[in-house]
Amino acid sequence: MQDLLNDLAEAAAGDPDKGEVASYIPELAGINPEQFGIAIALADGQVFTAGDAEVPFSIQSVSKVFALALALGRVGDQLWYRVGREPSGLSFDSILLLEREDGIPRNPFINAGALVTTDTYLAGSSPKEALGELLRFVRAAADDDSIHINEKVAHSEIATGHRNFSLAHYLASHGNLRSTVGKVLGTYCHQCGVEMTCRQLAMAGRFLVDAQEMPQLVSVERRRRINALMMTCGHYDGSGDFAFRVGLPGKSGVGGGILVISPGRASIAVWSPGLNRYGNSKLGTEAMETFARRTGWSVFG
Ligand code: GLU
């Protein structure tokens with residue numbers, strides 16, 4: 001495993017095309033695209049890393065996985081009255097389908113759907129309490145109390161998140177938000193501002209791996225469903241491509257991180273800030289494709 005991860009880090013370093021760093025969040029625009037890290041937490045408790053696996057990065061939309069687990073913990077299947085479970089085939093921040101589908105976002109991983117899951121775990125609490133709950137969950141999952149939110153990234157996103165504000169207003173106009181737009185956006189942007197290293201993220205993803213030694217934070221049914229949504233919707237309009245190339249459930253973020261689950265085997269985190277045309281880590285996706293080929297791991301047998 002160590003040799004494989006070293007090979008992936010080496011291949012990434014030698015690839016001249018690193019993709020484009022997300023520039024719409026000013027605080028992320030200056031990140032060095034030359035970085036690449038990977039970490040794997042195996043079912044037997046061993047952890048292997050390579051490259052920049054100890055460098056913290058902004059997990060951005062990977063946080064939507066933890067938010068979904070929290071929202072389901074709060075309201076269970078009631079959540080599905082407010083958000084769907086179908087891929088959107090559109091970019092992560094598209095507003096198009098919201099109008100046609102009466103303010104019910106297609107799935108919890110596009111931004112509109114994630115605003116609903118954030119609104120769900122925020123209901124009845126202050127943003128501070130809700131974010132405290134989120135951090136408690138992530139820290140318990142990773143077994144690491146040092147995980148924190150980067151305030152600068154959160155504020156940079158609040159200051160420039162016009163599109164997310166418009167999605168939230170649209171949801172509110174359809175009666176699909178319980179808290180105010182300001183509270184939901186503030187909480188959502190802080191959630192996206194959670195910072196982790198590849199090692200921490202691989203550890204945090206262990207609750208989605210079906211293995212005895214891993215933290216059991218959600219029921220078996222819920223774990224399966226979260227994995228199913230990661231497979232079908234975790235890479236926005238690149239989800240089909242990721243399933244085709246990698247064959248494992250994954251959730252990407254515009255910070256360049258991807259959390260990948262191999263059920264029963266491992267939780268894997270890969271990070272490289274340059275993105276492909278779908279807004280998913282370019283080198284991260286390529287590394288996972290090689291990883292899946294070399295290990296033979298796939299949920300498709
Ligand atoms: N915080 C980002 C946004 O709302 C998340 C998008 C992503 O990571 O894909 O625009």
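Sequential numbering from 1 along the given sequence is applied to the chain's residues. This one's a predicted model, so the numbers in the text were calculated from it and none came from an experiment. Counting starts at 1 for both ligands and their atoms, in listed order.
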Any idea which atoms of ligand 1 are less than 4.0 Å away from a heavy-atom of Tyr188? 1 (N), 2 (C), 3 (C), 4 (O), 5 (C)
Could a heavy atom of Asp93 be found less than 4.0 Å from some atom of ligand 1? no
How close does the nearest protein non-hydrogen atom get to atom 9 (O) of ligand 1, and which residue and atom is it? Tyr236 OH, 2.6 Å
Which bit of Asn164 gets closer than 4.0 Å to ligand 1, counting heavy atoms only: side chain, backbone, both or neither? side chain
Would you call the rings of His190 and His155 parallel, tilted or perpendicular if under 30° counts as parallel and over 60° as perpendicular? perpendicular
List the closest protein heavy-atom neighbour of atom 6 (C) of ligand 1: residue, atom name, distance to the nearest 0.1 Å. Ser61 OG, 3.0 Å
Between Phe92 and Tyr236 (judged by ring centroids, cut-off 6.0 Å), do the two rings come close enough to count as a pair? yes
Suppose we call two aromatic rings close when their centres sit under 6.0 Å apart. Are Phe137 and Phe207 close by that rule? yes
Distance under 4.0 Å to a non-hydrogen atom of Gly253: what atoms of ligand 1 satisfy this? 8 (O)
For residues His169 and His174, establish whether the separation of their ring centroids is below 6.0 Å. no
I'd like to check which ligand 1 atoms, numbered from 1 as shown, lie under 4.0 Å from a non-hydrogen atom of Cys192. 1 (N)
4.5 Å side-chain heavy-atom contact, Met196 and Val138: yes
Residue pairs passing the salt bridge (charged side-chain N to carboxylate O under 4.0 Å, His left out) test where at least one lies in residues 181-205, sequence neighbours excluded: Glu54-Arg199
Qualifying salt bridge (charged side-chain N to carboxylate O under 4.0 Å, His left out) pairs, either residue in residues 21-40, two or more places apart: Lys18-Glu34
Does a side-chain heavy-atom distance below 4.5 Å link Asn107 with Thr232? no
Report yes if some N/O of Val254 lies less than 3.5 Å from some N/O of ligand 1; otherwise report no. yes
Considering distance alone, does some N or O of Glu157 sit under 3.5 Å from an N or O of ligand 1? yes
Among protein heavy atoms, which lies nearest atom 10 (O) of ligand 1, and at what distance? Tyr24 OH, 2.6 Å
Quick one: does ligand 1 sit under 4.0 Å from the side chain of Arg163, the backbone, both or neither, non-hydrogen atoms only? neither
